[in-house]
Amino acid sequence: MNKERIVIIGGGFAGMNLAKRLDVGMYDVKVIDRNNYHSFPPLFYQIASSALDVPSISFPFRREFKKSGGRIAYHMGHVKNIDLKNKVVTTSYEDVSYDRLVIAAGSTNNFFGMDGLGQNVFCIKTSAEASHTRDEILDRLERGCIEKDAERRKELLSFLVIGGGPAGVEIAGALGEMKRDVLPREYPELNADDLSITLVEGSGRLLSAFDPELSRKAEKYLGELMVDIRLNTVMKGYADKMVSFADGHKEYWETLIWTAGVMGEPIPGLPDAFMGRGGRILVDEMNKVIGADDVYAIGDIALMKTEDYPDGHPQVAQPAIQQARNLAANLNNPGRRHPFRYKDKGTMATVGRNRAIAQIGKMTFSGRLAWWLWMLIHLISILGVRTKITVLLNWIWNYCTYSTSLRLLMRPVKFPLRRHWGD
Ligand SMILES: Cc1cc2nc3c(=O)[nH]c(=O)nc-3n(C[C@H](O)[C@H](O)[C@H](O)COP(=O)(O)OP(=O)(O)OC[C@H]3O[C@@H](n4cnc5c(N)ncnc54)[C@H](O)[C@@H]3O)c2cc1C
């Protein structure tokens with residue numbers, strides 16, 4: 001019997017969960033991803049701050065799909081086009097035909113059209129970006145240690161984090177811990193005052209998706225970690241190392257860490273009519289792309305407008321996982337057409353050691369309890385026993401020593417050029 005071919009673009013939370021649940025007796029499943037590993041974005045900020053390294057939170061697709069006895073295939077490739085008429089996906093390496101297509105390509109940085117911003121700021125939206133940010137921080141710390149001029153040293157060691165959502169708060173907190181705990185232990189040439197961290201947020205409070213009381217707690221925690229917070233401050237542009245703000249004033253900053261915006265990962269070939277707000281693909285309640293046959297979108301890239309979520313579901317892990325599960329159940333049982341209903345299991349963010357906030361239904365937690373909860377939930381969610389053990393060991397080590405052994409600055413090698421690696 002000829003099985004239907006299902007091609008899944010993206011092996012993140014949504015794509016991976018779907019692939020593992022599809023009935024491989026019914027379908028030939030192929031996952032296309034530009035990386036040969038599944039990663040864990042909630043801990044990217046720990047890569048940027050040297051608390052974890054990339055392999056600790058990455059898991060090779062081939063290893064995971066081996067369990068299917070070769071019935072889930074992985075193809076490496078960056079998707080360059082979708083030909084809906086002929087049902088073909090074109091990647092950087094090949095054309096792949098499908099009977100049904102599931103787009104689970106996630107989201108990317110949104111620079112809101114600011115000229116050249118993407119080329120000049122550091123981001124933490126992928127493990128590669130987080131590693132690049134880590135290298136910049138480490139490079140600046142080392143250069144700061146040998147810089148004789150005090151003013152120049154401060155310029156080198158001033159970090160501006162844009163965006164007061166969970167990612168911005170987490171990276172600002174991690175830098176604050178570096179200033180408070182790592183600098184005195186490992187960089188004796190530097191004073192804590194040499195390093196400054198400023199967190200800028202456009203609205204009137206941090207973590208606007210959380211209860212206001214938890215936002216205040218996060219501000220307090222960041223204050224304890226010597227992070228300077230500026231609320232109601234909107235950045236408008238960045239050129240020649242000058243940051244322009246909405247009120248018209250400009251400031252000199254060399255290192256910007258951008259966490260302020262996300263948008264759906266652009267996938268060429270889809271008509272504009274398919275796209276909704278934030279570059280997300282409009283889907284119905286079964287995650288079928290509105291206007292296309294046999295094409296679905298799940299996870300961050302999907303925009304499902306419902307009564308409860310008129311602007312779509314939050315771009316976090318749980319909707320991606322739950323949509324994948326519902327779609328797999330529908331596809332595995334052709335008579336089943338269950339609409340997706342999101343079950344909000346709560347949200348959390350960490351600011352640093354013993355400092356986290358969590359909101360589960362009407363209950364709110366903060367401080368040490370929330371921090372332990374945050375660690376437990378993240379440990380459970382990471383794929384693979386090896387990765388869980390590595391992360392746990394690193395955390396125990398960091399907790400006991402107030403330091404990390406991962407502050408290695410790996411300089412990239414330029415030649416021989418491999419242009420396709422830049423895709
Ligand atoms: C720094 C950071 C912190 C976060 N913290 C949290 C948190 O604490 N809690 C939480 O719930 N959520 C958090 N999130 C959000 C969460 O990670 C996302 O909601 C979730 O990853 C969405 O899953 P997804 O499968 O839709 O996309 P992703 O997990 O992003 O997966 C998309 C996959 O598609 C691949 N891909 C993309 N484009 C292409 C292409 N053109 N060709 C081939 N492959 C492609 C990518 O390589 C990737 O593997 C965080 C995200 C970030 C960036």
Side-chain angles (χ1 to χ4, degrees), residues 7-19 30-49 57-59 61 74-82 89-93 96 102-110 123-130 133 161 163 165-171 174 207 209-210 257-270 279-281 287 297-303 312-324 327 344-350 356-358 374-375 377-378 381-383 423:
V7 168
I8 303 171
I9 303 176
F13 285 116
M16 176 63 107
N17 274 283
L18 177 70
K30 193 172 284 174
V31 175
I32 300 174
D33 199 298
R34 57 191 172 200
N35 298 317
N36 73 341
Y37 54 86
H38 167 85
S39 42
F40 195 78
L43 293 179
F44 283 169
Y45 86 93
Q46 296 213 353
I47 296 178
S49 56
I57 54 165
S58 309
F59 203 85
F61 287 124
Y74 164 68
H75 282 213
M76 186 177 73
H78 189 113
V79 171
K80 299 286 189 187
N81 191 47
I82 298 174
V89 172
T90 302
T91 78
S92 26
Y93 306 110
V96 183
V102 183
I103 306 171
S107 52
T108 185
N109 298 298
N110 188 349
C123 299
I124 52 171
K125 198 85 184 71
T126 63
S127 13
E129 286 176 358
T133 303
V161 179
V169 165
E170 287 175 346
I171 186 69
L207 302 168
F210 288 76
I257 301 177
W258 177 262
T259 67
V262 292
M263 58 186 258
E265 180 75 37
I267 302 283
L270 298 180
R280 295 167 88 183
I281 303 169
N287 281 94
I298 50 175
D300 273 9
I301 201 167
L303 180 59
H313 295 94
Q315 286 166 296
V316 289
Q318 273 304 318
I321 294 167
Q322 293 177 28
Q323 285 180 357
L327 180 60
D344 187 354
K345 293 187 174 174
T347 33
M348 39 183 42
T350 178
I357 57 166
W374 178 91
M375 284 197 295
I377 286 177
H378 283 75
S381 311
I382 298 171
L383 207 61
D423 275 339

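Whatever order the structure lists them in is the order used to number ligands and atoms, beginning at 1.
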Asker: With only distance considered, is V316 within less than 3.5 Å of ligand 1 through an N or O on each side?
Answerer: yes

Asker: Are the side chain of R280 and the backbone of I301 linked by a donor-acceptor contact shorter than 3.5 Å?
Answerer: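 Here the side-chain-to-backbone pair does not exist.
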
Asker: Check ligand 1 against Q315 and write out every atom of the ligand that is under 4.0 Å from a heavy-atom position of the residue.
Answerer: 15 (C), 19 (O)

Asker: In terms of residue, atom name and distance, what is the protein heavy atom nearest to atom 40 (C) of ligand 1?
Answerer: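 For atom 40 (C) of ligand 1, the nearest protein heavy atom is V79 N, 3.7 Å.
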
Asker: Does Y74 use its side chain to pair, donor to acceptor, with the backbone of D33 at less than 3.5 Å?
Answerer: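 Answer holds: yes.
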
Asker: Any N or O on E170 sitting closer than 3.5 Å to an N or O of ligand 1?
Answerer: no

Asker: Considering distance alone, does some N or O of D300 sit under 3.5 Å from an N or O of ligand 1?
Answerer: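 Yes; the residue has a nitrogen or oxygen that sits under 3.5 Å from a nitrogen or oxygen of the ligand.
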
Asker: Which residue owns the protein heavy atom closest to atom 52 (C) of ligand 1, what's the atom, and how far is it?
Answerer: P41 CB, 3.8 Å

Asker: What protein heavy atom is closest to atom 9 (N) of ligand 1, reported as residue, atom name and distance in Å?
Answerer: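 Scanning the protein heavy atoms, the shortest distance from atom 9 (N) of ligand 1 goes to P42 CG, 4.1 Å.
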
Asker: Tell me if a side-chain donor or acceptor on R34 pairs with a main-chain N or O of V79 at a distance below 3.5 Å.
Answerer: no

Asker: Would you mind telling me if ligand 1 is within reach of the side chain of A320, the backbone, both or neither, using heavy atoms under 4.0 Å?
Answerer: side chain

Asker: Which pair of non-hydrogen atoms, one from I8 and one from G15, has the smallest distance, and what is that distance?
Answerer: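 I8 and G15 have their closest heavy atoms at CG2-CA, 3.8 Å.
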
Asker: Please report the closest heavy-atom contact between T91 and K80, naming both atoms and the distance.
Answerer: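 Nearest heavy atoms, T91 then K80: C-CG, 4.0 Å.
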
Asker: Which atoms of ligand 1 sit under 4.0 Å from any heavy atom of K125?
Answerer: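 Here the atoms of ligand 1 in question are 53 (C).
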
Asker: Closer than 4.0 Å to some heavy atom of G10 - which atoms of ligand 1 meet that?
Answerer: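 Heavy-atom distances to G10 below 4.0 Å select 33 (C), 34 (O), 35 (C).
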
Asker: Identify the closest protein heavy atom to atom 37 (C) of ligand 1: which residue and atom is it, and at what distance?
Answerer: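 For atom 37 (C) of ligand 1, the nearest protein heavy atom comes out as A105 O, 3.1 Å.
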
Asker: Mark up the atoms of ligand 1 that fall under 4.0 Å of a heavy atom belonging to A104, in ascending order.
Answerer: 32 (C), 33 (C), 34 (O)

Asker: Hey, looking at atom 30 (O) of ligand 1, which of A317, A128, G11, G106 has the closest heavy atom?
Answerer: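 The residue whose heavy atom sits nearest atom 30 (O) of ligand 1 is G106.
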
Asker: Hey, is the main chain of G11 close enough, under 3.5 Å, to the side chain of H38 for a donor-acceptor pair?
Answerer: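 Answer holds: yes.
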
Asker: What part of R34 sits under 4.0 Å from ligand 1 if we count only heavy atoms: the side chain, the backbone, both or neither?
Answerer: both

Asker: By side-chain hydrogen bond (donor to acceptor under 3.5 Å, both in side chains), which residues pair with E170, not counting sequence neighbours?
Answerer: none

Asker: Please find the pair of heavy atoms, one from T350 and one from Y45, that lie closest to each other, and give the distance.
Answerer: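 The answer is CG2-OH, 3.1 Å.
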
Asker: With a 3.5 Å distance limit and no angle check, can you tell me whether T133 reaches the backbone of I124 through a side-chain donor-acceptor pair?
Answerer: no

Asker: Please check if the side chain of Q323 supplies one atom and the backbone of G299 the other of a donor-acceptor pair under 3.5 Å.
Answerer: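 Confirmed, Q323 side chain pairs with G299 backbone.
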
Asker: Taking 4.0 angstrom as the limit and counting only heavy atoms of G77, give me the atoms of ligand 1 inside it, by number and element.
Answerer: 42 (N), 43 (C)

Asker: Is W258 reaching over with its side chain to a backbone N or O of N110, donor-acceptor style, under 3.5 angstrom?
Answerer: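 It does hold such a pair.
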
Asker: Please compare F61, F40, F13 and report which has the shortest non-hydrogen distance to atom 21 (O) of ligand 1.
Answerer: F13

Asker: How far is atom 47 (O) of ligand 1 from the closest protein heavy atom, and which atom is that?
Answerer: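 So the nearest neighbour among protein heavy atoms is D33 OD1, 2.7 Å.
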
Asker: Can you give me the closest heavy-atom contact between G77 and I32, atom names plus distance?
Answerer: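 Heavy atoms of G77 and I32 come nearest at O-CG2, 3.6 Å.
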
Asker: Can you sort out which atoms of ligand 1 are near I124, meaning under 4.0 Å from one of its heavy atoms?
Answerer: 1 (C), 53 (C)

Asker: Looking only at non-hydrogen atoms, find the nearest pair between V31 and A19 and report the distance.
Answerer: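 Smallest heavy-atom distance, with atoms named: CG2-CB, 3.7 Å.
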
Asker: Give the contacting part of P166 toward ligand 1: side chain, backbone, both or neither, where contact means a heavy-atom distance below 4.0 Å.
Answerer: neither

Asker: May I ask whether I301 places a heavy atom under 4.0 Å from ligand 1?
Answerer: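 Checking ligand 1 against I301, which is what was asked, there is no heavy-atom contact under 4.0 Å.
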
Asker: Considering only the protein, which heavy-atom contact is closest to atom 38 (N) of ligand 1, and what is its distance?
Answerer: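 Checked against all protein heavy atoms, atom 38 (N) of ligand 1 sits closest to E265 CG, 3.2 Å.
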
Asker: Which of the numbered atoms in ligand 1 are under 4.0 angstrom from any heavy atom belonging to G299?
Answerer: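 The atoms of ligand 1 under 4.0 Å from a heavy atom of G299 are 26 (O).
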
Asker: Which of the atoms in ligand 1, numbered in the order shown and given with their element, are less than 4.0 Å from a heavy-atom of N35?
Answerer: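 The list of qualifying atoms is 47 (O).
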
Asker: Mind running side chain to side chain contact (heavy atoms under 4.5 Å, CB included) on Q46 and I57 for me, showing each step along the way?
Answerer: CA-CA 10 Å; Q46 296 213 353; I57 54 165; over 6 Å; no

Asker: Which protein non-hydrogen atom lies closest to atom 28 (P) of ligand 1, naming both residue and atom, and how far is it?
Answerer: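 For atom 28 (P) of ligand 1, the nearest protein heavy atom comes out as G12 CA, 4.0 Å.
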
